[in-house]
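Below, all heavy atoms of this structure are taken into account, side chains as well, without hydrogens, waters or symmetry copies.
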Amino acid sequence: MIATMDHIVINALDVDAMVAFYVKVLAFAPERVEAFHEGTAPFPSVRLNAGTIIDFFPKGMWKGLEITGPRSETMNHFCLTVT
């Protein structure tokens with residue numbers, strides 16, 4: 001069996017700050033940022049490599065989770081591809 005990371009989803013209080021950190025500090029490529037701001041994509045992402053992205057869910061997409069402080073749960077989910 002071979003497993004690879006497909007994507008990671010993070011609940012973000014400030015989506016723009018999260019994207020800026022991953023793009024400016026870690027040099028990951030942004031995806032769907034303009035479409036997110038135009039309202040045509042539900043969330044923006046950054047690409048780690050050809051097969052893996054990190055998605056940043058804005059508050060409207062959180063399901064049953066309230067982030068209240070720096071130690072709150074921000075991981076929404078991760079997805080593995082298994083062959």
Side-chain angles (χ1 to χ4, degrees):
M1 175 181 0
I2 299 173
T4 57
M5 180 67 67
D6 182 79
H7 68 271
I8 301 166
V9 177
I10 297 173
N11 294 323
L13 282 173
D14 187 338
V15 172
D16 291 322
M18 293 291 284
V19 170
F21 172 79
Y22 282 88
V23 170
K24 292 177 183 176
V25 176
L26 299 177
F28 294 151
E31 293 197 4
R32 294 185 298 275
V33 175
E34 286 185 34
F36 170 71
H37 286 291
E38 293 168 353
T40 58
F43 55 86
S45 305
V46 293
R47 183 155 296 279
L48 278 67
N49 56 48
T52 309
I53 60 173
I54 298 175
D55 300 323
F56 301 104
F57 277 14
K59 193 168 185 175
M61 294 186 69
W62 304 350
K63 294 181 180 171
L65 178 64
E66 184 66 29
I67 297 176
T68 57
R71 293 181 177 246
S72 297
E73 297 297 324
T74 57
M75 173 67 76
N76 185 294
H77 71 272
F78 65 90
C79 177
L80 302 173
T81 302
V82 179
T83 57

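The shortest non-hydrogen separation linking Val33 to Val19 is CG2-CG1, 3.9 Å. Contact between Phe43 and Phe36 at its shortest, heavy atoms only, is CA-CD1, 3.6 Å.
For the side-chain hydrogen bond (donor to acceptor under 3.5 Å, both in side chains) condition, the pairs that include at least one residue of residues 16-26, sequence neighbours left out, are Asp16-His37.
No chain of hydrophobic side-chain contacts below 4.5 Å, direct or via other Ile, Leu, Val, Met, Phe, Trp or Tyr residues, connects Phe21 to Ile53.
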Subject >> Test side chain to side chain contact (heavy atoms under 4.5 Å, CB included) applied to Val46 and Phe56, step by step >> reply: CA-CA 8 Å; Val46 293; Phe56 301 104; 3.9 Å; yes
Subject >> Worked verdict on Met61 versus Asp55 for side chain to side chain contact (heavy atoms under 4.5 Å, CB included) >> reply: CA-CA 11 Å; Met61 294 186 69; Asp55 300 323; over 6 Å; no
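With values rounded to the nearest 0.5 angstrom, Ser45 atom OG is found 11.5 Å from Ile8 atom CD1.
Counting heavy atoms from C-beta on, the side chains of Leu80 and Met5 come closer than 4.5 Å.
Taking Thr52 as the reference, Asn49 meet the side-chain hydrogen bond (donor to acceptor under 3.5 Å, both in side chains) condition, with sequence neighbours excluded.
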